[in-house]
Amino acid sequence: MTDTARTPAEAHAWARTGTQLLLDAVAGLDEAAFRAPSLLPGWTRGQLVAHLAANADALCNLVHWAATGERTPMYASPEERAAGIARGTAMQAGELRSWLTGSAEKLADGLDRLTEEQWRHEVVTAQGRTVPATELPWMRAREVCVHAVDLGTGTVTFADLPKGFLTALVAEIRARRDLTVLPDGPLPEVAAWLAGRPHSLADAPLLGPWL
C-alpha cells in the first residue's frame with residue numbers, strides 16, 4: 001500500500017478514532033500520572049498531552065489558512081512550539097485535560113466546516129512542506145494515534161489502532177526510511193518497530209523514534 005492509497009475520508013475517520021482513544025486514555029489520570037514518564041524517552045505524559053493540545057491549535061491555524069486564504073503558519077517560531085509544551089507542564093490535571101479536549105473539538109469542527117474547494121487549498125506544514133488541506137486529517141491521525149500509545153497508560157497499544165491506519169503508517173514510514181524489506185510479524189508490531197517504539201519482533205534492527 002502506498003501513501004496515495006489512503007483517502008482523506010479514511011484519514012478523517014482515523015483522526016476521530018485516535019482522538020477518542022487519546023481522550024479516554026487521559027480521562028482518569030491524576031497529577032502524579034501526568035508527571036510520570038511516558039513511553040517516549042525524555043517525555044512525561046503531561047508534556048506529551050501538552051504537545052498534542054498545542055498541535056491541534058497549530059493545525060487550526062492551517063485550517064484557517066485553507067478556509068480564508070490568509071497565510072497562517074502552524075507556529076510563529078520554534079520557540080512558540082516549545083512554549084506550548086512548557087505551558088502544559090505548569091497546568092493542573094484538569095486544566096490540561098480541558099486544553100486537550102477543547103483544542104481537539106475546535107480542530108474537528110474546523111475540519112468539518114471546510115468546503116470541497118477549501119480542501120484543495122494548499123498550506124505549509126511546520127516542516128516547510130506544501131500540502132493540500134486534505135493532508136491535515138492524516139497529520140492529526142498520526143499524532144493522536146501514535147502518541148495515544150506513547151502515553152503508556154496500558155489502555156492503548158498499536159493493536160488497538162485501526163488496521164487501515166496501521167497499513168498507511170507502515171507505507172509512509174517505510175518510504176521515509178527507504179526500507180525495501182520489512183521483518184515478518186503482525187501488522188501492529190511491524191508498525192511499532194518502524195515507528196521506533198517497543199515491539200515484539202525478534203532480531204529486528206534498532207530504529208530511532210519517528211514522530
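With a 4.5 Å cut-off on side-chain heavy atoms, E172 and W210 count as touching. Residues W65 and E70 have side chains not in contact (no heavy-atom distance under 4.5 Å, counting atoms from C-beta outward). Side-chain atoms of T130 and T125, non-hydrogen and from C-beta on, never get closer than 4.5 Å to each other. Counting heavy atoms from C-beta outward, H51 and E143 have side chains that approach closer than 4.5 Å. Using a 4.5 Å cut-off on side-chain heavy atoms (C-beta onward), E122 and V131 make no contact.
Side chain of E31 to backbone of A93: a donor-acceptor contact under 3.5 angstrom is found. In this structure, the side chain of E95 engages the main chain of Q92 through a donor-acceptor pair within 3.5 Å. Looking only at distances, no side-chain donor or acceptor of E189 sits under 3.5 Å from a matching main-chain atom of H199. In this structure, the side chain of D24 does not engage the main chain of L21 through any donor-acceptor pair within 3.5 Å. A side-chain donor-acceptor contact under 3.5 Å links R177 to the backbone of L194. Between the side chain of E10 and the backbone N or O of T7 there is at least one donor-acceptor pair closer than 3.5 Å. The closest donor-acceptor contact from the side chain of S98 to the backbone of L96 lies at 3.5 Å or more, if one exists at all. Under the 3.5 Å distance criterion, the side-chain polar atoms of T44 are left unmatched by any main-chain donor or acceptor of P37. Between the W119 side chain and the P8 main chain, no donor and acceptor come within less than 3.5 Å of each other.
In terms of heavy atoms, C60 sits closest to S103 at SG-O, 4.5 Å. Closest approach of Y75 and A126 over heavy atoms only: CD1-CB, 4.1 Å. For A148 against V156, the heavy-atom pair with the smallest separation is O-CB, 3.9 Å. G88 approaches A50 most closely through the heavy-atom pair CA-CB, 3.6 Å. The minimum heavy-atom distance between A15 and A141, with the atom names listed, is N-CB, 3.7 Å. Taking all atoms of both residues into account, the shortest heavy-atom contact from A104 to T19 is CB-CG2, 3.9 Å.
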Open item on the list: side chain to side chain contact (heavy atoms under 4.5 Å, CB included), that's the test. Do T72 and L62 meet it? Break it down for me.
Closed with: CA-CA 6 Å; T72 316; L62 297 189; over 6 Å; no
- [ ] In sequence, state the C-alpha distance, the side-chain angles, and the governing distance for F34 and R97, and then conclude on side chain to side chain contact (heavy atoms under 4.5 Å, CB included).
- [x] CA-CA 10 Å; F34 274 117; R97 263 193 297 272; 3.4 Å; yes
Open item on the list: As a quick check of understanding, evaluate side chain to side chain contact (heavy atoms under 4.5 Å, CB included) for L22 and H147, giving each step before the final call.
Closed with: CA-CA 8 Å; L22 174 67; H147 288 325; 5.6 Å; no
Open item on the list: Would L29 and V49 count as a side chain to side chain contact (heavy atoms under 4.5 Å, CB included) here? Give the steps.
Closed with: CA-CA 11 Å; L29 299 184; V49 169; 5.6 Å; no
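The CG atom of L161 sits 5.0 Å away from atom CG of L166, with the distance rounded to the nearest 0.5 Å. Between D57 atom CG and K106 atom NZ the span is 6.0 Å, to the nearest 0.5 Å. Here the CZ atom belonging to R113 is positioned 4.5 Å from the CG atom belonging to D109, to the nearest 0.5 angstrom. Distance check: L169 CG to R6 CZ gives 10.0 Å after rounding to the nearest 0.5 Å.
More than 12 heavy atoms of other residues, nucleotides or ligands shown are found within 6.0 angstrom of CG on D30.
Hydrophobic clustering (ILVMFWY, side-chain heavy atoms < 4.5 Å, transitive): L39 and L48 are in distinct clusters. A continuous path of ILVMFWY side-chain contacts below 4.5 Å connects M74 to L136, so both sit in one hydrophobic cluster. Connection of L179 to F158 is established within a shared hydrophobic cluster, with ILVMFWY side chains joined at heavy-atom distances below 4.5 Å, either directly or through further cluster members. Residues L107 and L100 do not share a hydrophobic cluster, clusters being chains of Ile/Leu/Val/Met/Phe/Trp/Tyr side chains in contact below 4.5 Å. Linking Ile, Leu, Val, Met, Phe, Trp and Tyr whenever their side-chain heavy atoms come within less than 4.5 Å leaves L52 and L59 in two separate clusters.
Side-chain contact annotation: H64 with N61, donor-acceptor N/O pair under 3.5 Å absent. With no hydrogens or angles considered, no side-chain donor-acceptor pair links Q47 and T89 at under 3.5 Å.
Checking R45, R197, R142 one by one against D150, the salt bridge (charged side-chain N to carboxylate O under 4.0 Å, His left out) holds for a single residue, R197.
Looking at R129 and E135, no side-chain N of the basic residue comes within less than 4.0 Å of a carboxylate O on the acidic one, giving no salt bridge.
Under the 30°/60° scheme for interplanar angles, the aromatic rings of F165 and W138 are found to be tilted.
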